[in-house]
Amino acid sequence: MPRPTAAQLAYGSCTVIFSTLAMLLLSQTSSGLGVVVIALSALVLGLLVAMTVPVPKPAAPTVSVARPASVTLSEHRVAVQRETVAVAGASEPVRERA
């Protein structure tokens with residue numbers, strides 16, 4: 001289960017506090033049961049708000065595209081090394097392992 005973000009915690013907490021105060025002031029209840037019902041309904045409302053806050057999606061991994069220039073460069077280096085060996089050993093035959 002993903003952890004709640006700071007925005008979700010902030011929106012949920014503010015919703016609980018302000019909705020509790022608003023419902024207590026508007027209902028003018030003084031009984032314990034009324035206060036409990038208002039507090040529970042404020043908690044449910046706060047959870048609902050916290051869960052509906054859009055969660056930022058993780059950034060998509062960037063796909064690196066192979067550059068043809070680097071492949072050409074590595075092929076060029078191999079070709080240069082082969083030419084160097086061939087030029088240096090021009091008087092003697094070069095033996096390669098089979």
Side-chain angles (χ1 to χ4, degrees):
M1 182 173 177
R3 294 182 178 172
T5 62
Q8 288 175 318
L9 291 174
Y11 287 140
S13 299
C14 289
T15 301
V16 169
I17 292 168
F18 291 131
S19 63
T20 303
L21 288 175
M23 286 189 278
L24 284 173
L25 289 174
L26 291 174
S27 68
Q28 297 179 353
T29 185
S30 59
S31 68
L33 183 61
V35 172
V36 169
V37 169
I38 289 174
L40 287 176
S41 62
L43 283 173
V44 170
L45 184 62
L47 283 173
L48 180 68
V49 167
M51 291 300 154
T52 57
V53 171
V55 178
K57 295 181 181 179
T62 57
V63 178
S64 61
V65 178
R67 297 179 185 170
S70 64
V71 174
T72 305
L73 181 63
S74 64
E75 291 174 357
H76 177 67
R77 286 182 184 167
V78 172
V80 169
Q81 289 174 354
R82 287 182 185 164
E83 289 175 10
T84 304
V85 171
V87 171
S91 61
E92 300 176 9
V94 178
R95 296 185 183 187
E96 296 180 21
R97 293 185 182 181

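As the structure is a prediction and not an experimental result, all values here were calculated from the model.
For Thr29 against Gly34, the heavy-atom pair with the smallest separation is OG1-CA, 3.9 Å. Across every non-hydrogen atom of Val16 and Ala42, the tightest pair is CG2-O, 3.5 Å. Closest approach of Ser19 to Leu45, counting heavy atoms only: CB-CD2, 3.8 Å. Across all their heavy atoms, Arg3 and Gln8 have their closest contact at O-OE1, 4.4 Å.
Using a 4.5 Å heavy-atom cutoff, the side chains of Ile17 and Leu21 are in contact.
Through chains of ILVMFWY side-chain contacts below 4.5 Å, Leu24 is grouped with Met23, Val35, Ile38.
Judged as a side chain to side chain contact (heavy atoms under 4.5 Å, CB included), and not counting sequence neighbours, Ser13 has no contacts.
Exactly one of Leu48, Leu47, Thr20, Val49 qualifies for a side chain to side chain contact (heavy atoms under 4.5 Å, CB included) with Thr15. That residue is Val49.
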